[in-house]
Number of protein chains: 2
Amino acid sequence: MTINDIAALTGVAASTVSRALSRPDRVNRVTRERIQAAARELNYVPNTQAQALSSGRTETVALLVSDATNPFYFGLIRGAQQQLRAAGHALLLIDTEDSAELENHLLHKVRRSVDGVILAASRLPEQTLSVIAAELPVVTVNRNVPRVRSVVIDSPDGVMQAVEHLVSLGHRAIAYVAGPPSSWANEARWRAMRTAMARHGLTAARVGPFGVSRSSGSVAADALLNTGATAGVTFNDLLAIGILQRLAERGVDVPGEISVVGCDDIFGADFCSPPLTTLTAPIEQAGRVAVSMLLDHLEHLGETPSRQTVLLPTHLTIRQSSGPAPRR
Amino acid sequence: MTINDIAALTGVAASTVSRALSRPDRVNRVTRERIQAAARELNYVPNTQAQALSSGRTETVALLVSDATNPFYFGLIRGAQQQLRAAGHALLLIDTEDSAELENHLLHKVRRSVDGVILAASRLPEQTLSVIAAELPVVTVNRNVPRVRSVVIDSPDGVMQAVEHLVSLGHRAIAYVAGPPSSWANEARWRAMRTAMARHGLTAARVGPFGVSRSSGSVAADALLNTGATAGVTFNDLLAIGILQRLAERGVDVPGEISVVGCDDIFGADFCSPPLTTLTAPIEQAGRVAVSMLLDHLEHLGETPSRQTVLLPTHLTIRQSSGPAPRR
DNA sequence: CAATTAATGGCAACCGGTTGCCACCCGGTT
DNA sequence: AACCGGGTGGCAACCGGTTGCCATTAATTG
């Protein structure tokens with residue numbers, strides 16, 4: 001079932017078979033149809049390796065996530081997968097285990113076996129990213145680096161909405177519950193929070209950093225309570241859900257005593273207890289857009305892209321974890 | 001940065017470079033070290049495609065899931081990913097979108113670009129699976145097919161535990177909320193359920209089939225209530241969580257009026273409302289084991305495997321969605 | 001009718017490694 | 001001195017396609 005078998009069977013040269021299948025207009029109609037029929041009959045599937053070797057294109061894209069079990073990535077993976085399949089490409093999933101070193105190493109390793117990579121939540125320093133982007137098509141998600149294409153979810157804007165929401169409910173002491181320091185989005189959200197607070201003459205407290213797992217939520221919840229804030233905006237939903245659990249354990253009423261706002265609207269945010277008020281992010285769309293940008297980039301290698309970065313809007317979804325500030 | 005560049009730089013033949021890197025003992029120590037140093041310096045990474053082409057091994061394994069957003073797979077993906085990385089292999093993730101046809105098509109397409117595949121929740125008929133397994137190393141998850149290696153989570157046993165639990169709480173009318181008919185696990189669970197019920201002289205009701213999404217939960221909840229059962233065992237947690245939501249909407253008290261038991265213990269099962277009593281499955285372990293079996297198979301191609309199928313135990317995790325049967 | 005051009009298909013090099021086979025060099029034997 | 005065998009490294013074929021180039025043939029054109 002190689003190109004040669006088909007060539008032998010149809011009595012033409014291998015090169016003709018190759019053309020009949022990949023450049024149909026380059027070969028005579030009757031010859032082509034004979035070859036295609038034979039290929040179908042023999043159930044021929046071209047060897048990707050061989051194609052990649054000579055053409056230099058692997059039709060494969062790597063998606064690097066920092067933790068494959070983080071529900072945030074589910075949507076991203078899905079969106080990317082959909083768009084890739086539509087284009088006939090394959091998805092190589094890589095879990096960097098939240099380590100910049102491992103990320104760099106793996107990136108280096110797959111460098112030559114993929115056409116491009118999508119970096120979701122890269123932990124790499126800007127400098128390193130630039131270097132990588134220069135030698136390999138890259139699209140980042142939620143990370144802005146000069147001269148690197150990216151799709152970023154506008155959570156800073158969402159954070160502002162969240163602050164407005166909380167302030168309008170009478171909250172004055174609001175804290176930001178920070179995620180990993182190496183996360184670009186984390187800093188962006190914190191800045192947005194301070195800006196929004198300042199607009200009302202308020203200053204935001206900040207606790208953390210915390211890991212992004214539900215278990216970190218316990219520590220975070222205690223730290224949050226300790227600030228005396230009546231509301232907390234968290235780096236992401238995973239952390240927020242962990243906080244809700246801990247608060248329930250400690251018998252703290254949400255939103256009666258304290259309001260909690262998450263970020264991303266991941267799976268589970270709508271059915272945790274109480275359902276989480278959060279910034280709904282178009283995660284799946286982000287995955288699709290990232291792939292589109294990458295594929296577009298691949299087709300116009302060398303050209304300067306029209307849009308370097310796409311900003312996706314978020315909106316606040318109000319559920320039951322936020323409510324009026326408690327009377328003092 | 002090809003083998004030839006290194007050859008030129010060190011003044012040896014390309015074949016020697018190849019050997020120095022892949023069969024170190026086949027070349028003299030000083031030559032080898034010189035070559036290795038040069039390789040390191042030039043930051044050489046072998047071209048996977050080229051290696052695959054000549055060696056026939058791609059060091060890549062495909063994982064087929066029926067729906068990448070189903071939290072059940074997160075753990076599986078994670079486990080597989082971990083074990084694969086440890087072995088230096090890459091993971092190709094494929095979403096079959098719950099279609100047997102697409103599954104077959106994609107399987108066929110990647111056939112030659114992976115060393116083997118792991119089929120999580122295959123929708124393919126047994127016959128087709130046998131054919132595929134004959135021409136490609138395959139390990140299935142939660143699916144038992146003669147002559148195909150598999151790792152199956154012993155949820156039937158778990159279902160029996162669940163029935164015992166419910167019966168001991170006084171339930172007599174228990175219904176099974178079925179998942180997709182094409183799911184092998186679905187039938188296995190239903191059989192286990194009937195057996196367990198029969199042991200107590202009871203017969204189980206059955207509703208469904210339902211899709212495995214939370215939204216299907218609404219329909220399922222109504223159907224479940226309609227049977228008059230005081231408890232329901234569901235095909236999986238996703239469905240169970242959907243049911244809980246719908247029941248809450250309808251003002252039905254869980255577990256006061258009806259108990260619900262899920263299956264798998266996915267992300268979210270512990271923090272939904274009420275927290276779900278469910279069969280805790282070692283999902284991540286299943287992923288790891290599946291990969292181990294596959295890699296083991298690859299190393300001993302042609303040999304008859306020692307164990308064709310590995311059965312992983314489950315246990316019942318009791319939370320708040322199950323309780324005593326209501327008095328009539 | 002000769003000349004130019006377009007369509008078609010074969011040849012062979014190439015992508016970047018891997019590997020069987022052989023030649024060569026060396027020290028050790030007899 | 002002739003012989004032997006192990007250690008090394010080069011040659012070249014091969015994996016399965018892709019593609020530039022050229023020869024052949026047919027069709028178009030002045």
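Values in this document were obtained by computation on a predicted structure and should not be read as measured data. In the text below, chain A, chain B and the rest are named by the order of the sequence lines, each starting its count at 1.
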Residues that H108(B) engages under side chain to side chain donor-acceptor pair (under 3.5 Å), provided they are two or more places apart:
N43(A)
Please list all pairs meeting salt bridge (Lys or Arg N to Asp or Glu O under 4.0 Å) that have one or both residues in residues 125-136 of chain B, counting only residues at least two apart or in different chains.
R111(B)-E135(B)
Who are the ring-ring contact (aromatic ring centres under 6.0 Å, His included) partners of F267(A), not counting sequence neighbours?
F271(A)
At what angle, to 10 degrees, do the two end axes of the helix from dC1(C)-dG30(D) to dT30(C)-dA1(D) meet, given five pairs define each axis?
50°
What side-chain hydrogen bond (donor to acceptor under 3.5 Å, both in side chains) pairs are there with at least one residue in residues 86-96 of chain B, not counting sequence neighbours?
R78(A)-D95(B)
Checking the side chain of S122(B) only, and the main-chain atoms of L124(B) only, is there a donor and an acceptor separated by less than 3.5 Å?
yes
Test side chain to side chain donor-acceptor pair (under 3.5 Å) applied to Q81(B) - qualifying residues, sequence neighbours left out
none
If we ignore hydrogens and angles and just use 3.5 Å, is the side chain of S113(B) paired with the main-chain N or O of V110(B) as donor and acceptor?
yes
I'd like to check the side chain to side chain donor-acceptor pair (under 3.5 Å) partners of Q83(B); sequence neighbours left out, ordered by chain and number.
S292(B)
Using a 4.0 Å heavy-atom cut-off, does V12(B) contact any base of the nucleic acid, only the sugar-phosphate backbone, or nothing at all?
sugar-phosphate
Looking at E33(B), I'd like to know if its CD atom is crowded, meaning that more than 12 non-hydrogen atoms belonging to other residues, nucleotides or ligands lie closer than 6.0 Å.
yes
Using a 4.0 Å heavy-atom cut-off, write out nucleotides 16-24 of chain D from 5' to 3' as B (base contacted by protein), S (sugar-phosphate only) or - (no contact).
BBBBBB---
Check: N4(B) main-chain N/O paired with T2(B) side-chain donor or acceptor under 3.5 Å
yes
Quick one: side-chain hydrogen bond (donor to acceptor under 3.5 Å, both in side chains) pairs with a partner in residues 55-66 of chain B, sequence neighbours left out?
R57(B)-E59(B), T58(B)-D115(B), S66(B)-Y73(B)
Can you list, in residue-number order, the parts of residues 27-41 of chain A that come under 4.0 Å of DNA chain D, counting heavy atoms only?
none
Charged N-O contact under 4.0 Å between R123(A) and E101(A)
no
For residues 7-24 of chain B, run the donor-acceptor check on the side chains, cut-off 3.5 Å, and write out each pair with its distance to 0.1 Å, sequence neighbours left out.
from   : atom 1 : to     : atom 2 : distance (Å)
T10(B) : OG1    : I6(B)  : O      : 2.7
T10(B) : OG1    : A7(B)  : O      : 3.4
S22(B) : OG     : S18(B) : O      : 2.7

Please write out each protein N/O paired with an N/O of nucleotides 23-25 of chain C under 3.5 Å, distance rounded to 0.1 Å.
none

Protein-nucleotide distance (R57(B), atom CZ; dC15(D), atom P), rounded to Å
19 Å
